[in-house]
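Quick note on labels: first sequence line is chain A, next is B, and so on, each numbered from 1.
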Number of protein chains: 2
Amino acid sequence: MEAADRLLTPGEVAALFRVDPKTVTRWAAAGRISSIRTPGGHRRFRESEVRALLEGEAALNA
Amino acid sequence: MEAADRLLTPGEVAALFRVDPKTVTRWAAAGRISSIRTPGGHRRFRESEVRALLEGEAALNA
DNA sequence: TGTCATTAGGGTAATTTGGGAC
DNA sequence: ACTGTCCAAATTACCCTAATGA
């Protein structure tokens, strides 16, 4: 189940979705996307999940 | 309890958290993560603790 | 012994967080 | 209901040189 997938920064995820990093933070806070926190409190996102979200929407639209 | 206390280098821990190796060093200096010092002063981290940090945060986010 | 990638250290930008408001 | 922007504070990233590790 758990793959050693890479982690993405909020800025990277925001760039992929073409939204503001703040919006990504809101998604994480709302539980719409799972996040990992560094000991310092910063968030990291699973690339596999982000990609599934991106491609998933596209698939549903086809 | 099967603590696979394999030791990880700052670079390896940094890769897992998707942060800079210097950041891992800062965590150790701040006491956010326990570290072992080599006689030469370099730091090593317990894999079990690092993994608990990663997976622990993720599990809370179900 | 020598090589070479990694790490420590200190200092300065850039990013992220959190909150509330529009 | 959702997003972008403002703010201040904290965390993280990148710059360098010297030492350590394998």
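The nearest whole Å value for the distance from the CZ atom in A:Arg37 to the P atom in D:dA10 is 16 Å. Nucleotide D:dT12 holds its C1' atom 15 Å from the CG atom of A:Leu7, rounded to whole Å. Look at CD1 on A:Ile36: it is 17 Å from P on C:dT16, rounded to the nearest Å. Between the CG atom of B:Asp20 and the C1' atom of C:dA8 there is a distance of 12 Å, rounded to whole Å. If you take CZ of A:Phe17 and C1' of D:dC2, they are 15 Å apart, rounded to a whole angstrom. The CZ atom of B:Arg18 sits 13 Å away from the P atom of C:dT15 (whole-angstrom rounding).
In this structure the side chain of B:Phe45 never reaches within 4.5 angstrom of the side chain of B:Leu7, judged on heavy atoms. Residues A:Leu53 and A:Phe17 have side chains in contact (heavy-atom distance under 4.5 Å, counting atoms from C-beta outward). With contacts defined as side-chain heavy-atom distances shorter than 4.5 Å, the pair B:Arg46/B:Ile36 qualifies. Looking at heavy atoms from C-beta onward, B:Val19 lies in side-chain contact with A:Arg44 at the 4.5 angstrom threshold.
Considering only side-chain atoms of A:Thr9, the nucleotide from D:dT12, D:dG4, C:dT16 that sits closest is C:dT16. Here the side chain of A:Pro10 is nearest to one of D:dA22, D:dT11, C:dT16, namely C:dT16. Taking the side chain of A:Lys22 as heavy atoms from C-beta on, and the options C:dT7, C:dT17, D:dT5, the nearest nucleotide is D:dT5. When the nucleotides D:dT3, D:dT12, C:dG10 are ranked by their closest atom to the side chain of A:Trp27, D:dT3 comes out on top. Checked against C:dT16, D:dA13, D:dG21, the side chain of B:His42 finds its nearest nucleotide in D:dG21.
Contact check, B:Thr25 against C:dG9: no side-chain N or O comes under 4.0 Å of OP1 or OP2. Considering only side-chain N and O atoms, B:Arg43 lies nowhere under 4.0 angstrom from the phosphate OP1 or OP2 of C:dT7. The phosphate of D:dA13 has OP1 or OP2 within less than 4.0 Å of a side-chain N or O from B:Thr23.
Both B:Glu12 and B:Arg26 lie close to DNA chain C; mapped to their nearest nucleotides by heavy-atom distance, the more 5′-ward contact belongs to B:Glu12. Each of B:Gly40 and A:Val19 lies near DNA chain D, and the nucleotide nearest A:Val19 is the one positioned closer to the 5' end.
To the nearest 0.5 angstrom, B:Arg18 atom CZ is 5.5 Å from A:Thr9 atom OG1.
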